Structures are given as C-alpha cells and as structure tokens.
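Below, each value reflects all heavy atoms present in this structure, side chains not excepted, and no hydrogens, waters or symmetry copies. Just so it is clear, the structure is predicted and the values come from calculations on it, not from any experiment.
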Amino acid sequence: EMAENPELFLEYLDDQGMDAAVAIQYVSNDIVGYPFEVNEFAAEFRDTDPDRIRAVAGIDLSGTTEDVHRRMDRIVDDLESPALIVRDTE
C-alpha cells in the first residue's frame, strides 16, 4: 500500500518520528528481477517530498560502454540521483 502511496508513507514516517527515508535501488535484472526502471519509480517517489525522501539509483555495468553511458546520463541528468549503487557483473 505505501509503495503506491507516498503520502501514506510520509504519514508513517511522521508517526514513527522519522525525519527522512532513502530509497536505494539495486538494479539486477538477471538475479532479483529489478530492471533499470526501478530507478524511475524511486525518483517519482522522491519527488513527492524531496526534502524527506532521497533516492539512490542503481546501475548494472553490463552491456556496451555506450549502454552504460546512456544509463549514467539518464541517472545524472534526468533522475538527479545524488549517489549510485554499482553492480559489476564480472
């Protein structure tokens, strides 16, 4: 329920006396099934109240250098993630 309703999540934080939360995304499509798009979910969740919800993007370094650069550009330019969780498949 809270994953679909950021306002409800913020109410829960208030009830628990918590100031903020961090949504950390671990992109691992082949192991746990989380594709790159989970970063977009976290950014949208964060945008509800960016002072209280932070979003840290995840990236899988597999693929071509061009693929990785494209994903990095999306994380930095569009999703505005302040940090990364990096998964190296080698």
Do Gln16 and Tyr12 have side chains that get closer than 4.5 Å, going by heavy atoms?
->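 A side-chain contact exists here, since the closest heavy-atom pair is under 4.5 Å.
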Minimum side-chain heavy-atom gap Leu84-Met72 below 4.5 Å =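 In short, these two side chains touch, coming nearer than 4.5 Å.
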Using only atom types and a distance under 3.5 Å, with no angle test, would you say the side chain of [X] pairs donor to acceptor with the backbone of [Y]?
X	Y	value
Arg46	Val56	no
Asn39	Phe36	yes
Asp67	Thr64	yes

Taking side chain to side chain donor-acceptor pair (under 3.5 Å) as the test, write out the residues that go with Asp78, two or more places apart.
->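 Testing Asp78 for side chain to side chain donor-acceptor pair (under 3.5 Å), a comparison that skips the adjacent residues, returns Arg74.
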Is there a path of hydrophobic side-chain contacts, each under 4.5 Å between heavy atoms of I, L, V, M, F, W or Y residues, that connects [X] with [Y]?
X	Y	result
Ile53	Leu79	no
Val68	Val76	no
Leu8	Phe45	yes
Val22	Leu13	no

Hey, could you give me the [atom1]/[atom2] distance between [X] and [Y], rounded to the nearest 0.5 Å?
X	Y	atom1	atom2	result
Phe9	Glu4	CZ	CD	14.0 Å
Glu7	Met2	CD	CE	12.5 Å
Gln25	Glu37	CD	CD	11.5 Å

Closest non-hydrogen atom pair between [X] and [Y], with its separation:
X	Y	value
Ser81	Ala57	OG-N, 3.0 Å
Ala55	Pro82	O-CD, 3.2 Å
Pro50	Arg54	O-CD, 3.9 Å

Could you walk me through whether Ile24 and Ile85 pass the side-chain contact (heavy atoms from CB on, under 4.5 Å) check?
-> CA-CA 8 Å; Ile24 298 174; Ile85 301 295; 3.6 Å; yes
With Arg52 as reference, evaluate Asp19, Asp47, Asp14 under the salt bridge (charged side-chain N to carboxylate O under 4.0 Å, His left out) test and give the passing residue.
->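 Between Arg52 and the candidates, salt bridge (charged side-chain N to carboxylate O under 4.0 Å, His left out) is satisfied uniquely by Asp14.
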